[in-house]
Amino acid sequence: MSGKRGNGEGSIYAYRNGFAVYVWVTTPEGDRKRKYVYGPTRKDVHEKWVKLHNESKKGPVATNTPTLAQYLAYWLREVVEPNLRPLTPATYETTVRLYIVPFLGSKRLDRLTVQDMRGWLNKLTDTCQCCAQGKDAKRPEDKQRCCAKGKCCRQTLSKRSVNDARTILRSALTNAMVEERIAKNVAQLVKVQRARRKRPDPWSVEEACTFLENAQLWRDYLYAAYVLILVLGLRKGEVLGLTWSDVNLDTGELHIRHQLQRVRRRLLHTDTAKTEASEAVLPLPDICLTALRLRRKEQEAAKVAAKDLWTESDLVFTTRYGTPVEPRNFTREFNRRCDRAEVRRIRVHDTRHTCASLLAALDVHPRIAMQILRHSEIAVTMEVYTPVPSAETRKALRKLGNALGGSKQKEGKKRSRRKQSDRDGQQES
């Protein structure tokens, strides 16, 4: 076979044990560069040349394709971090580092296939994360109990975690398509079974009352925080990030504007709530007003006791030295209070479902519960709520306040009415 090129073959030439060819293309950055393709025979290279030539006519073509690990690092740094709230990039980075890069990181971005996706998802489902991450091996030798001793604990990911990893990869590949680095999103082509959402088992009205009464009896410095998460359904970050400037005790209103979160070993007091619907103005029922006034007095007393050690801030919930309450410490205190009150331990976030259940029990309409819980979509509310007819938001919150903190007040009112009626009877006689 002669070394002469055929018509339309471009600059095909012998290269090592095969052949090579290049095409002048426009890169995504707008530069004109050569793009090379290789093959064992002239025919293979010619087919690749035709394909590449057609691609160059359609639009920009990347001349150096990164591996998936390299592209994900770029995507997290340049796309995710500047545009999303601090906790989201941290969550994405953890998922990429632990569940995507170890399995697919070395693959070239443009060579990912649907088969690669299926294999990754199946392997991720079956992999013991204790073994993969060396969790047991990192413990002191006398405290190792499973995988490091050859007894695999089978700590596999839940179906929802696997689906979340696939969702993050799909988002990254969608961005790669927008940047014209790849032609199709293989993660989107793989169908996965939807994870079944676990329905929480929230506290009953009686359990919530028992918990709050115990916290009030022991003068827990977080009593007002417990009231807010149960009565108003505030998230943990929202209640810890609450400032006195967000609270108006005179008009009985509370603004949700901040969150306190620990992200990458830094405690961040952000000035945005989780969603736009979360940035709401909520009316404060009597139990919340009473608890917040008590909290202000306790904080002023703590400031006097701490003297020079006090750290000045506008936060409603602080330690005895004025520093912010760590989110993890709040969870620990919540669990301790559950044990002392002898009620079931539930997650702090599940108190939002408790609030929803309480609102449903008090005949509050789902749309109003959606406003109180500050869900962005009614579908989220309906998953944890029973639809019943109702009155306005302010009235619903007052009802809820009476159910949680007004039992003793009601008894006092009844006694005073009885005494008054007895006096009236004596006067008539």
Asks: Can you see which heavy atom on Leu289 is nearest to which on Gly252, and at what distance?
Replies: CD2-CA, 3.9 Å
Asks: If we ignore angles and hydrogens, is there a donor and acceptor under 3.5 Å between the side chains of Thr113 and Asp116?
Replies: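 A pair is found: one side chain offers a donor N or O, the other an acceptor, under 3.5 Å apart.
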Asks: Answer with yes or no whether the side chains of Thr243 and Asp246 bring together a donor and an acceptor at under 3.5 Å.
Replies: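 Yes, a side-chain donor-acceptor pair sits under 3.5 Å.
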Asks: Hey, could you give me each pair passing side chain to side chain donor-acceptor pair (under 3.5 Å) that has a residue in residues 88-98? Not counting sequence neighbours.
Replies: Glu93-Arg97
Asks: Taking only residues two or more places apart in sequence, or in another chain, which ones meet Pro140 in a side-chain contact (heavy atoms from CB on, under 4.5 Å)?
Replies: Asp142, Lys143
Asks: For Arg293 and Leu249, indicate whether the former's side chain and the latter's backbone hold a donor-acceptor pair under 3.5 Å.
Replies: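 Indeed, once roles are kept as given, a pair shorter than 3.5 Å links the two residues.
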Asks: With rounding to the nearest 0.5 angstrom, report the CD1 to CZ distance, Ile256 to Arg235.
Replies: 9.5 Å
Asks: Does a side-chain heavy-atom distance below 4.5 Å link Cys355 with Leu234?
Replies: no
Asks: Would a 4.5 Å heavy-atom cut-off, applied to side chains only, mark Met117 and Leu169 as touching?
Replies: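 Heavy-atom side-chain distance check passes, below 4.5 Å.
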Asks: Should the pair Glu179-Arg181 be classified as a salt bridge under the 4.0 Å nitrogen-to-oxygen rule?
Replies: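 A salt bridge links Glu179 with Arg181.
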Asks: Could you walk me through whether Asn214 and Tyr226 satisfy the side chain to side chain contact (heavy atoms under 4.5 Å, CB included) test, starting with their C-alpha distance in whole Å, then the side-chain angles of each, then the deciding distance to 0.1 Å, before giving a yes or no?
Replies: CA-CA 11 Å; Asn214 184 270; Tyr226 301 148; over 6 Å; no
Asks: Under 3.5 Å, is there a donor-acceptor pair between the side chain of Gln216 and the main chain of Tyr223?
Replies: no
Asks: In terms of heavy-atom contacts, does CZ of Arg264 have more than 12 from other residues, nucleotides or ligands at under 6.0 Å?
Replies: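 Count over threshold, so yes.
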Asks: Run the salt-bridge test on Arg145 and Asp136 with the 4.0 Å N-O cut-off and return the result as yes or no.
Replies: no
Asks: Of the non-hydrogen atoms in Pro40 and Phe19, which two are nearest, and what is the gap between them?
Replies: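 That would be O-CD1, 3.9 Å.
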Asks: Dump the intermediate steps for side chain to side chain contact (heavy atoms under 4.5 Å, CB included) on Arg295 and Thr318, then the final yes or no.
Replies: CA-CA 10 Å; Arg295 173 61 197 154; Thr318 55; 3.4 Å; yes
Asks: State the OH-NZ distance between Tyr22 and Lys35, to the nearest 0.5 angstrom.
Replies: 15.5 Å
Asks: Is there a donor-acceptor pair closer than 3.5 Å between any side-chain N or O of Thr323 and the backbone N or O of Thr319?
Replies: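 Looks like no, no N/O pair under 3.5 Å.
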Asks: Using the six-membered ring wherever Trp is involved, compare the ring planes of Tyr15 and Tyr38 and label them parallel, tilted or perpendicular (cut-offs 30° and 60°).
Replies: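 Taking Tyr38 first and then Tyr15, their aromatic rings sit tilted (interplane angle of 30° to 60°).
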Asks: Quick one: closest heavy-atom pair of Val239 and Phe317, and the distance?
Replies: O-CD1, 3.2 Å
Asks: If you compare all heavy atoms of Cys128 against all heavy atoms of Cys147, which two are closest, and at what distance to 0.1 Å?
Replies: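 In terms of heavy atoms, the two residues are closest at SG-SG, 3.8 Å.
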Asks: Tell me whether the count of non-hydrogen atoms from other residues, nucleotides or ligands lying under 6.0 Å of CG in Asn17 goes above 12.
Replies: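 Not buried by this count: 12 neighbours or fewer within 6.0 Å.
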Asks: Tell me if a side-chain donor or acceptor on Thr210 pairs with a main-chain N or O of Glu206 at a distance below 3.5 Å.
Replies: yes
Asks: Under a 4.5 Å cut-off applied to non-hydrogen side-chain atoms, are Leu228 and Cys288 in contact?
Replies: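 The answer is yes, as the side chains (C-beta and beyond) meet within the 4.5 Å cut-off.
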Asks: Is it the case that more than 12 heavy atoms not belonging to Tyr36 sit under 6.0 Å from its OH atom?
Replies: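 For Tyr36, atom OH is crowded (more than 12 foreign heavy atoms under 6.0 Å).
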Asks: Does a side-chain heavy-atom distance below 4.5 Å link Leu284 with Val247?
Replies: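 Contact flag for Leu284/Val247 side chains = yes.
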Asks: Distance only, no hydrogens: is a donor on one side chain within 3.5 Å (strictly under) of an acceptor on the other, for Gln261 and Thr270?
Replies: no
Asks: Hey, is CZ on Arg16 packed in by over 12 heavy atoms from elsewhere, all under 6.0 Å?
Replies: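 No, the 6.0 Å shell around CZ holds no more than 12 heavy atoms from other groups.
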Asks: With distance as the sole test, does Arg337 use its side chain to make a donor-acceptor pair with the main-chain N or O of Ala215 at under 3.5 Å?
Replies: no
Asks: At what distance, to the nearest 0.5 angstrom, does CD of Glu312 lie from CG of Asp314?
Replies: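 That separation rounds to 9.0 Å.
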Asks: Do Asp201 and Arg344 come close enough that some side-chain heavy atom pair is under 4.5 Å?
Replies: yes
Asks: Is a salt bridge present between Glu300 and Lys303, judged by a nitrogen-to-oxygen distance below 4.0 Å?
Replies: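 No, this pair does not count.
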Asks: Side chains of Tyr71 and Asn175: do they bring a donor and an acceptor to under 3.5 Å?
Replies: yes
Asks: Please walk me through it: do Val343 and Cys338 pass side chain to side chain contact (heavy atoms under 4.5 Å, CB included)?
Replies: CA-CA 5 Å; Val343 296; Cys338 290; 4.1 Å; yes
Asks: So do the side chains of Gln129 and Thr127 get within less than 4.5 Å of each other, counting heavy atoms only?
Replies: yes
Asks: Tyr221: which residues meet the ring-ring contact (aromatic ring centres under 6.0 Å, His included) condition with it, sequence neighbours left out?
Replies: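 For Tyr221 there are no ring-ring contact (aromatic ring centres under 6.0 Å, His included) partners, ignoring immediate neighbours.
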Asks: How far does CD1 of Ile182 sit from CZ of Arg108, to the nearest 0.5 angstrom?
Replies: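 The distance works out to 12.5 Å.
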Asks: Heavy atoms only: give me the nearest Ser56-Val25 pair and the separation to one decimal.
Replies: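 Taking Ser56 first and Val25 second, the nearest heavy atoms are CB-CG1, 3.7 Å.
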Asks: Given 3.5 Å as the limit, does a donor-acceptor pair link the side chain of Gln299 with the main chain of Leu315, or not?
Replies: yes
Asks: Is a donor on one side and an acceptor on the other found under 3.5 Å between the side chain of Asn185 and the backbone of Arg170?
Replies: yes
Asks: Determine whether the aromatic ring centres of residues Phe211 and Phe334 are separated by less than 6.0 angstrom.
Replies: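 Yes, the ring centres sit under 6.0 Å apart.
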Asks: Between Asn83 (side chain only) and Val79 (backbone N and O only), is there a donor and an acceptor less than 3.5 Å apart?
Replies: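 Indeed, once roles are kept as given, a pair shorter than 3.5 Å links the two residues.
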Asks: With a 3.5 Å distance limit and no angle check, can you tell me whether Trp75 reaches the backbone of Leu173 through a side-chain donor-acceptor pair?
Replies: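 Here the side-chain-to-backbone pair does not exist.
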Asks: To the nearest 0.5 Å, what is the distance between CD1 (Ile12) and CH2 (Trp49)?
Replies: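 Reported value, rounded in 0.5 Å steps: 8.0 Å.
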Asks: How about Cys131 and Cys152: do any of their side-chain heavy atoms sit closer than 4.5 Å?
Replies: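 Heavy-atom side-chain distance check passes, below 4.5 Å.
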Asks: Once you round to the nearest 0.5 Å, how far does CG of Leu109 lie from CG of Leu68?
Replies: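 Leu109 atom CG to Leu68 atom CG measures 6.5 Å (nearest 0.5 Å).
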Asks: For the residue pair His269 and His258, does the interplanar ring angle fall in the parallel (under 30°), tilted (30 to 60°) or perpendicular (over 60°) class?
Replies: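 His269 and His258: parallel rings.
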Asks: Side-chain contact, heavy-atom cut-off 4.5 Å: Tyr99 with Ile168?
Replies: no
Asks: Would you sort out whether Val190 and Val114 count as a side chain to side chain contact (heavy atoms under 4.5 Å, CB included), showing the intermediate values?
Replies: CA-CA 7 Å; Val190 179; Val114 174; 3.8 Å; yes
Asks: Checking side-chain polar atoms at under 3.5 Å, does Arg332 have a donor or acceptor matched by the opposite partner on Asn329?
Replies: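 Arg332 vs Asn329: donor-acceptor pair found between side chains.
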Asks: Do the side chain of Arg154 and the main chain of Asp126 share a donor and acceptor less than 3.5 angstrom apart?
Replies: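 Yes, Arg154 side chain to Asp126 backbone: donor-acceptor pair under 3.5 Å.
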Asks: Please report the shortest heavy-atom distance between Arg320 and Ala306, naming the atom on each side.
Replies: O-CB, 3.6 Å
